Amino acid sequence: MSDNAVEGVFFLTGKDFSNAGAASSNLKRILEDMSVQQDIIRRAAIAAFEAEMNVIIYAVAGMMHYYITPEAIRIVVKDMGSGIPDIGLAMTEGYSTAPDYIREMGFGSGMGLPNIKKNADKLDIDSVVGGGTTLEFIIYLNKDSKGAENETLRNC
Amino acid sequence: MTLDEIKNTLNAAVISKREDMNLNIARAYCADLMSDVLAFSITNSLLITHLTNTQVIRTAEIADVKAIVFVQSKRPDIETIALADTKKIPLLVTYLSMYETCGKLYEKGLRS
Ligand SMILES: Nc1ncnc2c1ncn2[C@@H]1O[C@H](COP(=O)(O)OP(=O)(O)OP(=O)(O)O)[C@@H](O)[C@H]1O
Ligand SMILES: [Mg+2]
């Protein structure tokens, strides 16, 4: 199956608000071109966008890698930034350290990481304070994989 | 409800270049927080908002929002309008408040 894999990388620049979201938008287009199912594209795009915005807001620079196989979409977003001191707290809905000017732009409601968790089948966060954060998430493409289970739960 | 009916209901101006006034909108959603749009909006809906920066367009694209209404005469800058044009997302501006905008559309039968 590895010969069917599609992978690539986008580079992200902290505070570059005019291009913020462009990587996720491109990723969405790639998935559309591959004729991935609509609801899966939406979940992947939303999770990628939230992760991308966090790099733009909280880091100096970062990278978004994507690996698409017939089984799954795996996205790894790695940044050089402040890091997250308490991941459990950061995952709490409504928790945000975003400054006022970020809130004025419509971000900083503390829903980004919970949104990623909700849309992904699997999420791993690794962070070093003062170093950076690596976020990896997987969305399964097959109904018979773990993705289908979560989908059923979500629709309840 | 078509985009044209929405425009007339709100006395709105269309400020984007590419628009299909026959575009059918089934649902509407109002939000000033991007994460809320991503968490709760329904695909192919109308977004009603005060926010006018480029991120609104990116967020709308990601969330499959079909069209955007800016309330209280809030006008996005040229950069934002240009981005919406490339993403083919029609933009409307109304002088009505968020409350009146939602109320009028709800009255006309548009639901969330
Ligand atoms: N890549 C990152 N580097 C450093 N800190 C981060 C990073 N991502 C998230 N955080 C921290 O975790 C908090 C919660 O993040 P989350 O994305 O859930 O919410 P938010 O970005 O504050 O608001 P929203 O995503 O709703 O716009 C952030 O306020 C920030 O303190
Ligand atoms: Mg965030």
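Because the structure is a prediction, the values reported are computed rather than measured. Naming: A, B, ... by sequence-line order, numbering from 1 per chain.
Contact detail for B:Leu38 and A:Asn115: the closest heavy-atom pair is CB-ND2, 3.9 Å. The shortest non-hydrogen separation linking B:Leu51 to A:Gly106 is CD1-CA, 3.6 Å.
No continuous path of hydrophobic side-chain contacts links B:Leu46 to B:Ile68 [ILVMFWY only; heavy atoms under 4.5 Å]. B:Val69 and B:Leu110 fall within a single hydrophobic cluster, where Ile, Leu, Val, Met, Phe, Trp and Tyr side chains are chained together by heavy-atom contacts under 4.5 Å. One hydrophobic cluster, built from ILVMFWY side chains closer than 4.5 Å, cannot hold both B:Met98 and B:Leu91; they sit in different ones. Linking Ile, Leu, Val, Met, Phe, Trp and Tyr whenever their side-chain heavy atoms come within less than 4.5 Å puts B:Ile48 and B:Leu23 in one cluster. B:Leu33 is not connected to A:Leu113 by any chain of hydrophobic side-chain contacts under 4.5 Å among Ile, Leu, Val, Met, Phe, Trp and Tyr, and they are in different clusters.
Rounding to the nearest 0.5 Å gives a distance of 14.0 Å between CG of B:Asp32 and CE of A:Met105. Interatomic distance, A:Met111 CE to B:Met34 CE, rounded to the nearest 0.5 Å: 14.5 Å. The distance from atom CZ of A:Phe17 to atom CZ of B:Arg58, rounded to the nearest 0.5 Å, is 13.0 Å.
Of the listed residues (A:Gly21, A:Ser109, A:Ala45, A:Ser25), the greatest number of heavy-atom pairs within a distance under 4.5 Å of chain B belongs to A:Ser25. Ranked by heavy-atom pairs shorter than 4.5 Å toward chain A, the options B:Thr59, B:Leu83, B:Val37 are led by B:Thr59. Among A:Pro114, A:Gly112, A:Ser18, A:Gly108, the residue with the largest count of heavy-atom pairs under 4.5 Å with chain B is A:Ser18.
Counting heavy atoms from C-beta outward, A:Met53 and B:Gln55 have side chains that approach closer than 4.5 Å.
Proximity to chain A (any heavy atom under 4.5 Å) is shown, for B:Thr43, by both the backbone and the side chain. For chain A, the nearby part of B:Asn53 is the side chain; its heavy atoms alone come within less than 4.5 Å. At a 4.5 Å heavy-atom cutoff, the contact between A:Ala22 and chain B is made by backbone and side-chain atoms alike.
A donor-acceptor contact shorter than 3.5 Å links the side chain of A:Arg42 to the backbone of B:Ala63.
Applying the 6.0 Å contact sphere to OH of A:Tyr67 captures more than 12 heavy atoms from other residues, nucleotides or ligands. Within a 6.0 Å sphere centred on NZ of B:Lys104, heavy atoms belonging to other residues, nucleotides or ligands number 12 at most. Heavy-atom neighbours of B:Lys66 NZ from other residues, nucleotides or ligands within 6.0 Å: above the threshold of 12. Summarising the local packing, OH of B:Tyr99 is surrounded by 12 or fewer heavy atoms from other residues, nucleotides or ligands at distances under 6.0 Å.
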